[in-house]
Structures are given as C-alpha cells and as structure tokens.
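Naming convention: chains lettered A, B, ... in sequence-line order (proteins, then strands); numbering from 1 in each chain.
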Amino acid sequence: MIEQAMIKVPVALRKRLDAAPDAPLLIATFGLLLLMILVFSFTAENFFSLSVLRNILTQTSIYIILGVGLTIVLTVGEIDISMGSIIGLAATVLGMTVITWGYPIGVGLLATFIVGVFCGFMNGFLTAVVRVPSIIVTLGTLTFFRGLAYLLGGSTVMVEFPPFLVWIGSGSLVGIPVPIWIAFIAVLWGYLFLKHTRIGQHLTAVGGNGEAARLAGINTRICKIIAFLIMGVMSALATIIIVARMDASQSVMGKGIELQVLAAVVLGGTSLFGGRGVILGSLLGALILSILQTGLLLSGVVHFWQLIAVGGLLIAVVAVRISREPAEGKT
Amino acid sequence: MFIETTVQASQGGAPALEARNICKNFGGIKALDDVSFQLNKGEILGIVGDNGAGKSTLIKSVTGAYRKSSGDVLLNGNSVEIENTRKARELGIETVYQASGLVEVMDAPSNLFLGREKIQSGWLGQAFGFINRRKMRSETVDLLKTVNIKVRNLSAPIRNLSGGQQQSVAVGRAAYWQGEIIILDEPANNIGVDQQRAVLALIERIRETHGVSFIMISHNMDHIFKVADRVIIMRGGRKVGDLRIEDTTREEVVGLITGASLA
Amino acid sequence: MSFSSKHAEPDQPRSVMQKLLDWKEAYPDAASTTATAFILLALLAIFYGVNERFISLLNISIILNQTAAYIILGVGMTLVIAIKGIDLSIGSIVAVSGMMLGLLLVNNDFPVWFALIAAVAAGSLCGVANGYCVANLRVPALIVTLGTMIVFRGVALIVLGHDILFRYPDALLWIARGRILGLAPSVYLAALVVILGFVMLNYTSFGKRVIAVGGNEEAARLSGINIRRVKFTVYVLMGALSGVAAIVWVARLNSTQASVATGIEFHVIALVVLGGTSLFGGRGLIIGSLLGALILGILENGLGVTGFSSFMQQTVLGLIFIGVVALRSWQARRADP
Ligand SMILES: Nc1ncnc2c1ncn2[C@@H]1O[C@H](COP(=O)(O)OP(=O)(O)OP(=O)(O)O)[C@@H](O)[C@H]1O
Ligand SMILES: [Mg+2]
C-alpha cells in the first residue's frame, strides 16, 4: 500500500510536469534565485530586511515590465533593442507636455502611450511589412528615436511633476509600492496573453515556424506588428515609472537599458530563435540580475566586479542550459 | 459541414474543384505554364511528376499559398478568388503542404488547431480569446488514435516525434477538419509502411463516409494505383497527361513522367 | 531546372538594361557593392553642394583618418556576420587593448613595438574567450558577446578606474599623426587590412569555409568542414582586429580611458549592413563594408561641417540608415517575390 502510494505520487507529478513543459526550466531558474538570496543573506548585511526587498522589487519593476514586452517580441522570432530610446523619447514628451506646456497629467500620460505605440508601430511596420531584419530596424530606430528625443528636449532636465505621478513612483497601495503592482499586472497579463489566448498562440506559432503559421492561415505580419506594439506600450509604462520615481525627465533616460532587459529575458529561458516565450522566467531573470547586483553592492564588492559577475552569470547559465538540452542547441 | 456537400454532390454535375489556365512565374522562371484540371466530386485525383515538375507549385497556387500569375479557380462551378490559405480553408479546402506545415516547437494540440483554436465558451473566450486547452487536448487524443500514432506526452513539442509521426499528425489535421476537398502533397512520404497503410486507409474511409474529394501528390505508383481514380501527369510546369486509372498502366504513366512517350 | 526557357533566343539583340540585369545576377556581390558606391558618391555630391571645402585634400585625409578604426573593425565584423554570428563586445575589446597600451606606454616605459604586440594579443585573447563560448559551448553569439561586452568593460574599469591615461610616446602617435604621401599611416594600415580580408574571404579555402558555415551550417558540417574551428578562428580574428583598431584609436586621441569606444559595436554592425552584407549569413562584402565605413565617416564629418547640431546628426543618421536598408530589402523583394 505504502509502496504503491510512493510510486503513484511521482507518476502523478510527472504527468503534471509533462503538462507544463516550462516547469523544469522555471524550477531551475527559481532555484538559482533562491541560491543567490541564500548566499547574499550570509555575505550582505541586512539583506533580508523588508525594506531592502521592497527596494529591490520596486527597482526591478521597470526591468520586469520591459521584460514582458521583450519576451513577446522574442517569442514572435524578432528582437527589439530600441526600447531604451523609446523610453528617452517618451520621457521627453511626457516632460514637455506636463512641465513645459503645462497640460494636466492625464494628457501627459496619454502622450507617453502615444509615443510608445508610434515607436512600436514603426518598428513593427519596418520589420513585418518592409521586411528588414528586426535587429537592423531597431538598431536604426535606436539611433533615430534617441536623436528625436535630443532634438525635442536637448539635455534639459524637467522636474516637479504633479502629485499623481509622484504617487505612481513612490506611493503604495495596501502597503505595496505602486510600481510593484504595475509590474505584477504586466506579468500576469503577459502570462495569460501568451499562454492562454488565441493571439498569444499565433505569436508563438509565427516565431516557431513562420511558413507553417502562414500556411495555417495566420497573418504573420499582423502578429509581428502586435508584438512590437506591445513592446512600445510596455516601454511607455516603464517610462512613466522611471520618470515618476526620479520625479524628473530627460532625453538620455533609458540609455543602455536594452542590454539588461535582454539579459534578464534570456536568463529566464526565452529562446532567441522564436517560438518559446517564458514570461515567468523573465520575471525571475530580472529578479536574479537585480539581486545579484544589489547583493554584491551590499557585500561591498566594487561596481566593476558586479559587471563581470553579471556577464559571466549570463553566459554560464545559458551554456549549462544548452549542454543539457542538445536538441535546443541545434536549432 | 459536409452533410450539405453530399446533398449538393448528388444534385449538381459541376466538378468540386476546377482550375483553369493556371500560370505561375518566379522571377523569370515559368514554374507553371497554363495548367488546367478538374476534380470531380467524391473523386481521388492523383498528381505525379518528377522532382521540380511543378506539382507543389500547382496546389500552392490553387490554395492561395502562392499568388498565381494568372488563371481561375472554380468551386462547384462558381468562380472563387482564393487570396490566402485562410480563405481556402473557409471555402472547405484542407491542405497538407509538402514541408508538413507544422510548428515543431509547439505541441500536438496546438498544431492540430493552429489558426483555428478552440475558444472557451464563457466571457473569457468571447472577450479575450482565451483558448480551451482541455478540449483541444481531448480531441487530439481521439484523432491520434484514428491515425494510429502513439504520443507519450501530449504537451511536448512535436519535434520530439519522429518525422513520420509528424507527417501523420499533419495528415490527421486535414482529416480532422475535413472540408469538401482535401489536398495532400506527398502524404505518405517519409513514413513507415504501417503508417502509410493507415494514411491510405484513412483517405478511403473519409471518402466513403463523407464523400470528400481528394487530390494526392505522390511519387509512389503503388499508392496512386491503389487509391486514385484518375491521375494527371506534370512535366516541366505543364500538364502532359490526364488519365483514368482504369484506362492506363504504370508503364504509360511512368513514360509520361519521364517524357519517354508522347501524350 | 527541368524546363526549357522559351525566351532565350540568342540572335535577339539584348538591351543595355538586360545586360545589366544579367551582370547583376552573375556578380551579386559586385552589384551590391556598386549600389553602395553610388550612395557614397551621392552623399559626396550633396555635401560638396552645401560646402565646397568638403572635398579638399585636407578634409578627405581627415575623414580617412577618422574612419580607419571603423574600417578595420568593419572587416572583422564582415567575417563574423558572414558566419551568421554577431559580436557586440568589440567596443569593450578596444577598451581592453587600449588599457594594455596605456599600462605599457604611459604607466611604464616599454618599447612601442612590444606594446603594439601586447595590445593585439590582448584583443585576440578576448576573441578566444568569445570563440570558445560560441564554438565549443554553443551559446548563441548574441548572448556570449552581450555577456563579454559587460565582462571586458568590467576588466578595463577594474584596472583603470576612472583614470584617463595620456602622453603617449611619439612613435605611437605617429600612426595617426604622421603623414606618408599626405595620408596618415593608420589609413595605410586600414587599407592593408581591407586587402588581406578581401583576399582571404574570396580567394582562400578558409574564406570558402567561412561562407559555407554561414550559408548552411548543417551542409558544411556534413561536407567535412570543422565548423567549430572556423567559428573560433573568426572570433579570434575579430578580437585581434579590435586590438589593431584600438592602436589606431588611441594614437589618434592620444588618450585611453576605460569607457573608450562605448557603443561602437552598433556603428560597426550598421556600416557592415550598409555595405550590403546580409545578416542571414553566407555572404560577406569586404569592399562593401569599406564603403559602408566611408559613408558613416562622411556622414558624421559632413553633417558636422554643414553645421547640423549633434542632436540633428543622430536623427539624420538613424533615418538614412533605416532608409537605405529598407530600400535594399524592397529591391531584393522585387527581384524575388
Ligand atoms: N518559392 C520559389 N521560388 C522560386 N522558384 C521556385 C519556388 N518554388 C518552386 N520553385 C521552382 O518551381 C519549380 C517547381 O517546383 P515544385 O516545388 O512545384 O516541384 P515539385 O513537382 O513539387 O517537386 P518535388 O517532387 O520535388 O516536390 C522548381 O523548378 C522550383 O525550383
Ligand atoms: Mg513538391
């Protein structure tokens, strides 16, 4: 009897795991996160305090939100490295509408989203319709959007935003900071969208095998444009949080952020070749990077060594993953 | 879906599918040169020809996977404009393309329902397009049984299946959605003897029970002569023969394929 | 192809257009490169129209000198992209090699020749790290070089901190500031790299293998090519060339710091793409990349001379880049619908 029960449990568990093919990956990534927290709780003072955790989470919310967008773009088999510049442009527009021209904050937020949608659409259109590889498109728009931001805003810093925006940055709801709420909603939405909706299914198919998706009657162009639009909207969302947290906006904002986001998403197990997007993995990836950086900082490691740790971890994790999944390495 | 068809089939004399003067150019290359053919109701039509003869291009041009350079397609005697594969499916044409047309990184249910996912019945499905995975899974299980494939883990990406099993899933997909016309580009290519037999039996069974019309491209004369009623022969982008199976022999067909005899 | 092409009647006189199209088909590389050359000429004409001083011997020698490092890196990146790879770490490798020069020549009094060798060796070593991870560990190049981009920069920062090293010996500065027949030695160095790269890619068996690996890795493997070795070698070459570029760079600026050359990887990828090399691998246009580098150099210089603000310059650069690439892919699509 007891023996039977013991056999039954693993079988039941295996069935469950079979039904969730991302589970082993997520468990491994989560293990890495726990390991890191464990190590730093010894080496870093006060690492376990609630305020540190709160800080880390709030800080990471930006990367998590952008990570959701990039995961979706990678799932459809494309890449977006222009998000930092979208943030710069959106921040500039937000600052100008609200501070320079004095419009109410609602108009400012609307303008921010319009910028995000515009930039996302431009990337999507050039990739899907003009059919330029997305790495080249977004390499170009990386320069172009940043140039626009500089043209509009120069290098002036715009400060003193209305209280509502400041509340988004530093207020809290039920004891939890607003940015964390926003990131939570973004992740939840991203997960449901990608795994459980029809469009999410189509995006995955397009990234997995574009020709098969096309032959199955899926409009691959629209799928790609949708992915870039989502990236644009997520960039706008991130912009609002960045500006709100600093209570300032400037055209250089978001510079270089794409690398950190890309690293987080890749750590989370999303494939660079399309067809596999792991939103929860990106969440874990972003947390791992933040905890690594904060932990090293609190352990008194100089900034430069943190850089080396981040780069090394990224390569090591992916190398281990590939060595364990030979089939994946082939594609 | 097909109940109506059978009613119509007994009424009208028009062919289920008719292609008139199809041409297709790739840049300067004439891949199809004025090809016409008919598919009668309830018929299994074989298409044979050497590699590069234009067989796949022909069915791709007819089903909207390629934009044809010129020519017309008629369904049940009515002229139709099939601008993409979605339109073809809506008109009741199911196609298994040569490179199987499956997304290797997705699981079998996702592939079976690719582009036509089952939506949840409640508001979640209506408003947000939430898909009903459970329903998709259970129907996949039934389908895989009928095409005689065993899959240990339904949630695993289908690239874990053998090439032949993948091909069977692709054929099974067309069988599941069976419209009025099913087009198969080398359905029995690349699969084992047992599964070949299962696929051919499936074709005949569907035809008998539902009166579906088939087009089957194949290099295998045994298959053609076993199930087809009629065969058309392609060579160099042109149709060089159109023969009833009863009236011809393998030698004649092979001769036409290679160009040894004149039609 | 198994069918007869009916339109090939030999007696019919062919139009110039037809001949041009045939030539384009027979020499696709030459055709793309010619297209790039036209863009370059058009730019020159525009800037000349705006400001006649633009095409003076002096300004041209300045542009060439400024572009030398880009040209050298462009040759390496062309090889990397030809094997369907990418290298984001070149800016950081330049920093590491530059750091080497600074340590040996400014902080110590090593002979210049020794420092030059050490700089190239340091770059090659970085290339070895990239090559090992890409070729042997099979980690995607984008991830490897994203990681090493951070790591190498970290190394330079640890060693140099925020120091700026300057006052290099004259022998080093001569590379960018000396003149041979009116041009800086760095320009000749870049020319040498271009010639070697061109010959290697187009006329050696290694070049053939590079194209084979980039074009169809599986087929290349089945035909007995050692894919790992080819990939490894290409990344090491990229590292070595980054070291060479660092020498030119430091000689021109007469200074080194850890943050040098941040972000140049994007410029270099952009110029290779402008030159017509496809990101899908299997094709490498060294001369195209040379022209791409010149286009970039002329744009940067020209927009400055004609009085665009640096803000405007960036916008225009991005716009031109997108425009040219979009035009290219539109053309490619028209030829093959
Ligand atoms: N997308 C395309 N672009 C250019 N040429 C093509 C394309 N598809 C097919 N062709 C050409 O059209 C001709 C016919 O090809 P097709 O695929 O129809 O042959 P097939 O009869 O199906 O051969 P097989 O038995 O090998 O499947 C070939 O010469 C091929 O090179
Ligand atoms: Mg075919």
Using non-hydrogen atoms and a 4.5 Å limit, figure out which bit of [X] sits close to chain A: side chain, backbone, both or neither.
{"X": "C:L279", "answer": "side chain"}
{"X": "C:F280", "answer": "side chain"}
{"X": "C:V155", "answer": "both"}
{"X": "C:V273", "answer": "side chain"}
{"X": "C:I86", "answer": "side chain"}

To the closest 0.5 Å, what do you measure between [atom1] ([X]) and [atom2] ([Y])?
{"X": "A:L139", "Y": "C:E265", "atom1": "CG", "atom2": "CD", "answer": "9.5 Å"}
{"X": "C:I322", "Y": "A:L126", "atom1": "CD1", "atom2": "CG", "answer": "6.0 Å"}
{"X": "C:I150", "Y": "A:Q306", "atom1": "CD1", "atom2": "CD", "answer": "12.0 Å"}
{"X": "A:I135", "Y": "C:L142", "atom1": "CD1", "atom2": "CG", "answer": "5.5 Å"}
{"X": "C:Q314", "Y": "A:L142", "atom1": "CD", "atom2": "CG", "answer": "8.0 Å"}

Do [X] and [Y] come close enough that some side-chain heavy atom pair is under 4.5 Å?
{"X": "A:F304", "Y": "C:V159", "answer": "no"}
{"X": "C:F266", "Y": "A:I81", "answer": "yes"}
{"X": "A:I315", "Y": "C:V151", "answer": "no"}

Can you name the nearest heavy-atom pair linking [X] to [Y], along with the distance?
{"X": "C:L146", "Y": "A:A263", "result": "CD2-N, 4.2 Å"}
{"X": "A:W305", "Y": "C:I158", "result": "CE2-CD1, 3.3 Å"}
{"X": "A:G147", "Y": "C:T315", "result": "C-OG1, 3.1 Å"}
{"X": "A:V130", "Y": "C:A326", "result": "CG1-CB, 3.7 Å"}

Relative to chain C, which segment of [X] carries a heavy atom at a distance below 4.5 Å: side chain, backbone, both, or neither?
{"X": "A:V266", "value": "side chain"}
{"X": "A:L313", "value": "neither"}
{"X": "A:S251", "value": "neither"}

Under 4.5 Å, counting heavy-atom pairs only, tell me which of [options] racks up the most with chain C.
{"options": "A:L314, A:V318, A:L151", "value": "A:L151"}
{"options": "A:I136, A:L148, A:L259", "value": "A:I136"}
{"options": "A:P133, A:G140, A:A309", "value": "A:G140"}

Note: vs chain A, highest number of non-hydrogen pairs under 4.5 angstrom among C:L319, C:L157, C:L88, C:V139 is C:L157
Verify the neighbour count for atom CD1 of A:I222: are there more than 12 heavy atoms of other residues, nucleotides or ligands below 6.0 Å?
no
